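In this text the structure is predicted, and so the values were computed from the model without any measurement.
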Amino acid sequence: MFFVACLLPLVFSEAFHQHIFLSIVINSILAVSLGIVVGYLGELSLAHGAFFGIGAYTSALISINLNVPFFVALPLAVLFAGIMGYLIGIPALRLSGHYFAIATLGFQGIVILMIINLVDLTRGPMGLGGIPPVGPYHIFGLTISFLQKLPYYYLALAVLLIVLLITRNLLRYKFGQAFIATREDPLLAASIGIKTGRFRLLAFSLSAAMAGAAGSLYAHYALFISPDSFHLSESIYIATMVIIGGRATILGPLIGAIVLTAVPEALRFAGGLQFVLYGLMLMVVVIFMPKGLVGLLDRFKRKSRSVQLTTLEG
């Protein structure tokens with residue numbers, strides 16, 4: 001799959017297609033990171049757009065005001081978004097279910113209001129421009145300019161790979177089992193010695209930090225950011241990717257990000273009916289595929305295996 005992702009922008013080399021692929025990669029980082037909270041903690045966070053914005057504004061402001069390169073601004077954006085996730089998670093994770101969602105919704109609103117009102121720092125609703133691009137860098141006599149979409153795509157893909165490796169390793173070992181135990185029965189998990197509050201806070205902070213990485217990538221790609229890109233609608237959009245793709249998996253959010261990024265572009269031919277068709281597609285998935293697109297793939301695999309076994313027995 002990673003090999004295919006590397007080849008796609010070479011096969012479809014038009015700037016428009018490369019832009020779509022790059023958008024898919026950034027959205028995949030957001031979806032996979034939120035999937036940790038939605039799928040493995042069983043909580044719906046409506047603040048992921050805020051952490052996305054925190055990462056974007058942190059990276060942009062550091063680069064503009066301190067004149068630091070992207071590869072310094074990126075980890076600082078990740079760190080700051082993770083710290084904000086930790087601070088917000090301390091009170092919010094004392095709640096669960098709808099109450100947790102409402103608490104994160106409140107934080108989402110606070111972040112947007114701060115971005116809009118701190119005009120001297122963020123330029124408010126006018127947006128923040130003049131964000132320096134990544135590079136160019138001179139390596140072994142070659143000049144690599146990340147102003148071009150193809151090199152920036154591979155840079156974002158490398159960050160996505162790191163996010164996937166961290167998420168897989170985190171969920172494969174005791175942390176993943178602790179997350180699932182906390183989601184299924186917090187009281188039982190606590191009774192066998194699992195510090196449920198600590199694990200929930202770890203997952204939420206890590207999810208926020210990964211969203212900060214996506215924000216940094218977005219800021220230095222677009223070179224202009226504004227509050228409009230990080231509103232509640234963005235948080236809902238990211239949550240929809242996770243739900244449509246399939247919760248409690250790593251593959252599900254990836255599929256959701258691909259579908260929900262590519263399909264609106266593919267439906268441009270429909271003109272004004274584009275969003276009607278998009279909404280119908282979402283309704284069909286939610287109603288008939290409660291486990292998401294990954295659940296549909298699993299069902300297809302099971303049917304294929306049963307057909308093969310029946311054929312062999314016959």
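Put simply, the side chain of Ser205 never gets that close to the backbone of Leu202: no donor and acceptor are under 3.5 Å apart. Using modelled atom types, no side-chain atom of Thr104 and backbone atom of Ser45 make a donor-acceptor pair closer than 3.5 Å. Of the possible polar contacts, none joining the His231 side chain to the Ile112 backbone as a donor-acceptor pair under 3.5 Å is found. Ser235 contributes a side-chain N or O that, together with a main-chain N or O of Gly49, makes up a donor-acceptor pair within less than 3.5 Å. Tyr152 places a side-chain N or O within 3.5 Å of a backbone atom of Leu217 that can act as its donor or acceptor partner. Glu43 places no side-chain N or O within 3.5 Å of a backbone atom of Val38 that could act as its donor or acceptor partner. Using a distance-only test at 3.5 Å, with no hydrogens or angles considered, no donor-acceptor pair links the side chain of Thr58 to the main chain of Gly55. Of the possible donor and acceptor atoms, none in the side chain of Tyr153 sits under 3.5 Å from a partner among the backbone N and O of Phe21. Within the 3.5 Å criterion, the main-chain N or O of Ala219 finds no donor-acceptor partner in the side chain of Tyr57. In this structure, Ser207 contributes its side chain and Val37 its backbone to no donor-acceptor pair below 3.5 Å.
Here the closest non-hydrogen pair linking Leu30 and Glu234 is CD1-OE2, 4.1 Å. Across every non-hydrogen atom of His220 and Ser63, the tightest pair is CE1-OG, 3.1 Å.
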Item to check | Pair Phe51-Phe204, ring-ring contact (aromatic ring centres under 6.0 Å, His included): steps then yes or no | outcome: CA-CA 11 Å; Phe51 294 122; Phe204 191 71; 5.7 Å; yes
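In this structure, CD1 on Ile225 lies 4.5 Å from CD1 on Ile131, to the nearest 0.5 angstrom. In this structure, Leu254 CG and Asn27 CG are separated by 11.5 Å, a value rounded to the nearest 0.5 Å. For the atom pair OG of Ser216 and CD1 of Ile54, the computed distance is 13.5 Å after rounding to the nearest 0.5 Å.
With hydrogens and angles left out, the side-chain atoms of Tyr218 and Ser229 include a donor and acceptor closer than 3.5 Å.
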Distance-only check: which donor-acceptor pairs under 3.5 Å involve side-chain atoms of residues 79-96, not counting sequence neighbours?
none

